[in-house]
Novice: 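If you scroll down you'll find the structure; I have some questions about it.
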Number of protein chains: 2
Amino acid sequence: MEYNAKQLQIIQVAERLFAGKGFSGTSIRDIAHEADINVSMISYYFGSKEKLIEALFEVRFNESAERLDNIVSNEDLSPLQKIYILIDGVIDRLLGNKCFHNIMLREQLSGEERTQVISDLIYELKLKNWQGINSILREGQEKGHFKESIDATLLSATLYGTVNHAITTQSFYRRINSLESLGQDEFDKSLKQKLSKHLKSIFKATVAYETIE
Amino acid sequence: MEYNAKQLQIIQVAERLFAGKGFSGTSIRDIAHEADINVSMISYYFGSKEKLIEALFEVRFNESAERLDNIVSNEDLSPLQKIYILIDGVIDRLLGNKCFHNIMLREQLSGEERTQVISDLIYELKLKNWQGINSILREGQEKGHFKESIDATLLSATLYGTVNHAITTQSFYRRINSLESLGQDEFDKSLKQKLSKHLKSIFKATVAYETIE
DNA sequence: TCACAAATCAAACGTTTGTTTGATTTATCT
DNA sequence: AGATAAATCAAACAAACGTTTGATTTGTGA
């Protein structure tokens, strides 16, 4: 599906509001007001509020389609280098699309799946990510660089969980670390560096043998 | 505040529904129907829907008041043992109160804080947990058991983030690991063990010197 | 310039929302 | 048993909800 500029603008506003107040907590009048359009335009362009959030997922998923394959299939990189690049990719992606990932986290917290479309998309994405990590880990094991007792599932949980938690509780950590004066961009930059270093050291200590680089 | 049996029953039903559909997504008629009471009873007992969720937070927070102090102040345990007990405690607590922690995660995802009461309670809880981890880590450093370059903030993120992520995406991991036949209790038990082993090995590798136990 | 389609609008639609009302039942206490 | 308070109920309330309508404006191609 193709969306024109006006539709993309509506999607962008909806994304911000859904992230802030949730899907049920955001009314189409909220969206219309923030996007400076008439309420009826949402039904006119998307059909319904439900279809609007589906369009949001569709757009954001299409944007991040490739990405992983390039890392996995790169012959020049060692398994550990691939892991490092993967880690930085996840950090950049989650920190660079905070609103959308906020919405995706909310959707995953919902027991009653509102829409099959969205849960299918999320499943597909998770599967890809999991397969990517898995194939890198297996390659490392086959080459004798990584330990045999590795749980890709739990390592994924640590990677995504740590980044998500850091983002979700960032206002708290700003407070206790007296970083409230920092601008958002500066804070994000510092957070990226810390997360990167932290996760790389965890992964190295968990998967790699001592002797490896 | 004290709550009678009927109020606690309402709170319990509300907790389950809020976890499944979110606060905005759950109507007081939903709650009243599931709890088999009249809609007006919620206003009668709590004043408003908003006050109901505040009551839920109040009750759940009071339940888990002590807990941490006992670990930190126990003289017989080594710092690493304390960390291990802390890890198992977090796993048990999060897995044992899935509904409530689902709601708490949702609240933390909300930018516009609906209620100062709730965000204050969450802040207080986070602070306690962070201080607990921090004091154990510092004790380990002072005794020369732990490395000096430890970031308590990021380690907290890894601990809570990993467990939260594992719980949130459990249906996915059941699917890809062909564990769909397992009952919820069996799955939880197996997940607990795996998370415990995984996180302990991460913490040991990250904070402890090689020579230590 | 005309005709036709796309876009925009205020207004109204029928539901659902959280809350309140006032009557009625149930429990408590002397 | 009788009086007083607590609990429960169906019904109604205004407000907000997502969506639709029908008229009006804007844009496009001939």
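Chain identifiers are assigned alphabetically (A, B, ...) following the order of the sequence lines, protein sequences preceding nucleic acid strands; residue numbering begins at 1 within each chain.
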Novice: When you match B:Arg29 and B:Asn4 each to their closest nucleotide on DNA chain D, which lands nearer the 5' end?
Specialist: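 The 5'-side residue here is B:Asn4.
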
Novice: How about B:Phe100 and B:Phe57: are their ring centres within less than 6.0 Å of each other?
Specialist: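 Here the rings of B:Phe57 and B:Phe100 have centres that are less than 6.0 Å from each other.
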
Novice: How many whole angstroms separate atom CE of A:Met41 from atom P of D:dT25?
Specialist: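 After rounding, the gap between these two atoms is 16 Å.
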
Novice: Any ion pair linking B:Asp188 and B:Lys98 (charged N to carboxylate O, less than 4.0 Å)?
Specialist: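 Answer for the salt bridge query: yes.
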
Novice: Quick one about B:Asn129 and B:Tyr160 (side-chain donor to acceptor, distance below 3.5 Å, no hydrogens or angles considered), yes or no?
Specialist: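 Checked: B:Tyr160/B:Asn129 side chains pair up, N/O donor to acceptor below 3.5 Å.
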
Novice: Pick the nucleotide of DNA chain C nearest each of A:Ile37 and B:Gly25; which residue has the one closer to the 5' end?
Specialist: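 Here A:Ile37 is the residue nearer the 5' end.
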
Novice: Going by atom types alone, do B:Ser196 and B:Lys200 pair a side-chain donor with an acceptor below 3.5 Å?
Specialist: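 The answer is yes; a qualifying pair exists.
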
Novice: For DNA chain C, list all stems, counting runs of three or more consecutive pairs where every pair is Watson-Crick or G-U wobble with both distances under 3.5 Å.
Specialist: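 Stems (3+ consecutive pairs) listed as C:1-30 with D:1-30.
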
Novice: Just call it for B:Ser27: base, sugar-phosphate, or nothing, with non-hydrogen atoms closer than 4.0 Å on any strand.
Specialist: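 Touches sugar-phosphate only.
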
Novice: Which part of the nucleic acid, if any, lies within reach of A:Ser24 when heavy atoms closer than 4.0 Å are counted: base, sugar-phosphate only, or nothing?
Specialist: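 No contact at all - A:Ser24 keeps every heavy atom at 4.0 Å or more from the nucleic acid.
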
Novice: Using a heavy-atom cut-off of 4.0 Å to chain B, what are the terminal contacting nucleotides of DNA chain C, in 5' to 3' order?
Specialist: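 From 5' to 3', the first and last contacting nucleotides are C:dT17 to C:dT21.
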
Novice: Classify the side-chain pair B:Asn102/B:Arg106 by whether it contains a donor and acceptor separated by less than 3.5 Å.
Specialist: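 Short answer, yes.
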
Novice: How long is the line joining CG of A:Asn38 and P of D:dT26, in whole Å?
Specialist: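 Atom CG in A:Asn38 sits about 14 Å away from atom P in D:dT26.
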
Novice: Give the rounded distance in Å between these two atoms: CD1 of B:Ile28 and P of D:dA12.
Specialist: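 After rounding, the gap between these two atoms is 17 Å.
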
Novice: With a 4.0 Å cut-off on heavy atoms, is A:Phe46 in touch with a base, just the backbone sugar-phosphate, or nothing at all?
Specialist: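 No contact.
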
Novice: If you look at every strand shown and take non-hydrogen atoms under 4.0 Å, does A:Ser48 touch a base, only sugar-phosphate, or nothing?
Specialist: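 It contacts sugar-phosphate atoms only.
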
Novice: Check this for me: does any side-chain nitrogen of one of B:Arg60 and B:Glu63 sit under 4.0 Å from a carboxylate oxygen of the other?
Specialist: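 Answer for the salt bridge query: yes.
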
Novice: We want to know whether A:Lys126 and A:Gln108 form a side-chain donor-acceptor pair, criterion being a heavy-atom distance below 3.5 angstrom.
Specialist: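 Distance-only check passes for A:Lys126 and A:Gln108.
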
Novice: In this structure, which one of A:Ile85, A:Ile136, A:Ile83 forms a side chain to side chain contact (heavy atoms under 4.5 Å, CB included) with A:Leu77?
Specialist: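 Among the candidates, only A:Ile85 passes.
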
Novice: Under 3.5 Å, is there a donor-acceptor pair between the B:Gln184 and B:Gln170 side chains?
Specialist: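 Yes.
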
